[in-house]
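Since the structure is predicted, the reported quantities are computational estimates derived from the model, not experimental observations.
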Amino acid sequence: FMKMTDEETKKIFNENYRGDEESLQAAVRLLRESGYSQMESLKVLVEGLNLSITEADKIILNAKAWSSEKESNLRLRDELDNYLDDNATE
């Protein structure tokens, strides 16, 4: 897949997102199908919807397009949290 330029990304996002959950899911799916990673998709949501990183992350984590990755993402986050907790200096 070829990645889109910022202008192409904005165009595809704006043409497909209509302010509802269904079109948001479709826009995220189109980003994934276009070769965007979760992080790149998150950036598009932050910039396109003026969301915080936390808000955009929640959307990507729970997006139907990324459902196959959800469990491994949650496991990685738990492992990272545990590592940081175990190695935190006081």
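Taking CG from L76 and CG from D81, the interatomic distance works out to 9.5 Å, rounded to the nearest 0.5 Å. Note: I60 CD1 to L31 CG = 7.0 Å, rounded to the nearest 0.5 Å. With rounding to the nearest 0.5 Å, the separation of CD1 in I59 from OG1 in T54 is 11.5 Å. Atom CG in L42 sits 10.0 Å away from atom CD in E47 (nearest 0.5 Å). Note: N16 CG to E22 CD = 11.5 Å, rounded to the nearest 0.5 Å. We find the NZ-CG distance between K43 and L51 to be 15.0 Å, quoted to the nearest 0.5 Å.
Across Y17 and S23, no two heavy atoms sit closer than the pair CD1-OG, 3.5 Å. Nearest heavy-atom pair, N62 versus Q25, reported as atom, atom and distance to 0.1 Å: O-NE2, 4.4 Å.
Between the side chain of R32 and the main chain of A65, a donor-acceptor pair closer than 3.5 Å is present.
With sequence neighbours excluded, the residues that form a side-chain contact (heavy atoms from CB on, under 4.5 Å) with S72 are E69, R75.
Other residues, nucleotides and ligands contribute at most 12 non-hydrogen atoms within 6.0 Å of the CD1 atom of I53.
Under the 4.5 Å side-chain heavy-atom criterion for Ile, Leu, Val, Met, Phe, Trp and Tyr, L61 and L30 are members of distinct hydrophobic clusters.
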side-chain contact (heavy atoms from CB on, under 4.5 Å) between Y36 and V28: does it pass, once the steps are laid out?
CA-CA 9 Å; Y36 277 75; V28 171; over 6 Å; no
